[in-house]
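In what follows, chains are A, B, ... by sequence order, proteins preceding strands, each numbered from 1.
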Amino acid sequence: MPVYPQIVPMGEQAILINFKPEISSEQLEKVLFYKRLIKNSEFKVKVEVLNTYNSLLINYDSTIEDAYSEFSRLKSLLKTAKIEKKGNSRLFYVPVCYDEEFGFDLQLISEQKNISISEIIELHTRPVYLIYFLGFLPGFLYLGGLDEKLHFPRKNSPRKQVEKGSVGIGGNQTGIYPENSPGGWQILGRTPVKLFNPKLQNPSPFSAGDHLKFYAVSRDEYLALEEEINAGQFQFKSENYES
Amino acid sequence: MKAEIEILQPGLFSTIQDNGRFGFMEFGVPVSGVMDKYAAKIVNLLLGNPVDAAVMEITLQGPQLKFHTAINICLSGADLSAAVNGNPVKRNELLQVENGDVLKFGKRKSGFRAYLGVSGGFDTEKVMNSRSWYRGITRNFKLEKNYFLKIHEFPLKTRSTNASIKVDENYLFDKSIDAFPGPEFDKLSEEQQEEIFKVYFSLEVSSNRMAISFAEKFSNEIEPILTGPVLPGTVQLTPAGNVIALMQDCQTTGGYPRILQLSEFGKQVLSQKMPGEKIRFKKVDY
């Protein structure tokens, strides 16, 4: 049995740290604690640190000099036993129009699961989702917390194009397509909100450890929001959140 | 008039690239940047540019370019029979072109990706600290006919400031790709751990800047892993037994076992291989 955390090199310019392979908010808290600890520690060169469910990747902007001492330095950082919670997690409210115009697969899920469309919407908007990390596409959020009743397999053959902002379900995951892209998720609706803006210093407002809640808007409200967004007047509704 | 290069014909696939975006993987942003860092470095050194100045990465069939100013240029990487006004251009040497000159490419002689540098580098849009083109991040993502590319005005040089640079081009012909064991390498059976370095893998036509995939299957008995970080040079093994080497424009996370991690040199060699060519991974230990 492997002993966690494992520290392994990944090529000449990166180090990977693996924690126990599990998806849970406690595990994420631990991963993010060490992420902050490592980010704030002293590096000889520029680094970037990113996390997934149970991993940290430290990416160096050049070949790691003296990998041996770098490993032992990280090892001692990982011995810090007291996990401190980050105080200021955010909860973002994301508007979704679950109109059939956007929610192509609502009918299918409703029939196969034998639950009404309004119940699907209720089940999808009730939870506070945890943002584990961003990946896959620029601005794509890996969310945890989808109600088991809504778990639904991906399409056998993906759609050639899923519109930007589409909100969908794939297996036990739910998420938002930040860009037009091919995709196999079952689509419930669409958000007018932009998840990614390459022109901003922080191209996404979200970071790992934040939370997100969907709320339903009508087609008219969707269109009004879209106008607001295009005029650059939209501001996310968000608040501090203690889980 | 502003110094510019006009795209008369775009060729197969050319982009502007520098050393890529550093520090944005957390937002799911691909690293991007030149596939062959060595060739890009050579042109920038010979031109006296900063090593991370933006260059043009040219794939297999080059574009036709018209210079609207007299400038110094330099070519390295693949030999795609470049010629200015019909006169063959020597690679890895500083060259001066005049206002109105036309650069064309012809038959491929070696390698797969050529690099064109200009004095001062290409002055295209900078997004997230990088000029590397990527669809959805920069306005342009490949050369198109009638584009005008901006370049910095620069005094002409008659000779390179680094004329003594020795260029080693053996890598263009190399068939072995240096690779470290990846995070899930140990999950392969002992037999497979040897086998992976014996098989000849041939590059598929679908290969691009995101990933180079190989035609030969390699059986996969590894249990699925949780989605984890990946990097350019990560070699994944899919459940269907496909071997895929992720390259500069790859995603930041992936859910397939990461069996190998190419060395920086390995990435450089692989990026000069063309579809159909066979390679073999060569084990490098940490």
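Crowding of A/Arg36 atom CZ: a count of heavy atoms from other residues, nucleotides or ligands under 6.0 Å exceeding 12.
A distance of 13.0 Å separates CZ of B/Phe27 from CG of A/Leu195, quoted to the nearest 0.5 Å. In this structure, OH in A/Tyr142 is found 4.5 Å from OG1 in B/Thr227, a value given to the nearest 0.5 Å. The CD atom of A/Glu48 sits 4.5 Å away from atom CZ of B/Phe22, with the distance rounded to the nearest 0.5 Å. The OG1 atom of B/Thr253 sits 8.5 Å away from atom OH of A/Tyr53, with the distance rounded to the nearest 0.5 Å.
Here the side chains of B/Arg258 and A/Met10 are in contact, with some heavy-atom distance below 4.5 Å. Inter-residue side-chain proximity for A/Pro21 and B/Ile225 is flagged as unmet; no heavy-atom pair is nearer than 4.5 Å. Here the side chains of B/Pro30 and A/Pro138 are in contact, with some heavy-atom distance below 4.5 Å. By the 4.5 Å heavy-atom criterion applied to side chains, B/Phe24 and A/Leu134 are not counted as neighbours. Residues A/Thr52 and B/Leu226 fail the side-chain proximity criterion, which asks for heavy atoms closer than 4.5 Å.
Judged purely by atom type and a 3.5 angstrom limit, A/Glu12 uses its side chain to pair as donor or acceptor with the backbone of B/Glu264.
Heavy atoms of B/Val230 lying under 4.5 Å from chain A belong exclusively to its backbone. For a residue to count as touching a neighbouring chain, one of its non-hydrogen atoms must lie under 4.5 Å from one of that chain's; by this rule B/Tyr286 touches chain A with the side chain only. For A/Asn180, no part lies near chain B; criterion is any non-hydrogen pair under 4.5 Å. Only the side chain of B/Thr234 comes within contact range of chain A, with at least one heavy atom under 4.5 Å from a heavy atom of that chain.
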Any chance you could lay out the side-chain contact (heavy atoms from CB on, under 4.5 Å) test for A/Gln201 and B/Met128, step after step, and finish with the verdict? CA-CA 7 Å; A/Gln201 193 50 42; B/Met128 289 183 255; over 6 Å; no
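Between A/Gly135 and B/Thr252, the shortest heavy-atom contact is CA-OG1, 3.5 Å. Residues B/Met25 and A/Leu57 share a closest heavy-atom pair of CE-CD2, 4.1 Å.
Under 4.0 Å is where a charged nitrogen must lie from a carboxylate oxygen, and between A/Lys39 and B/Glu26 at least one such pair does.
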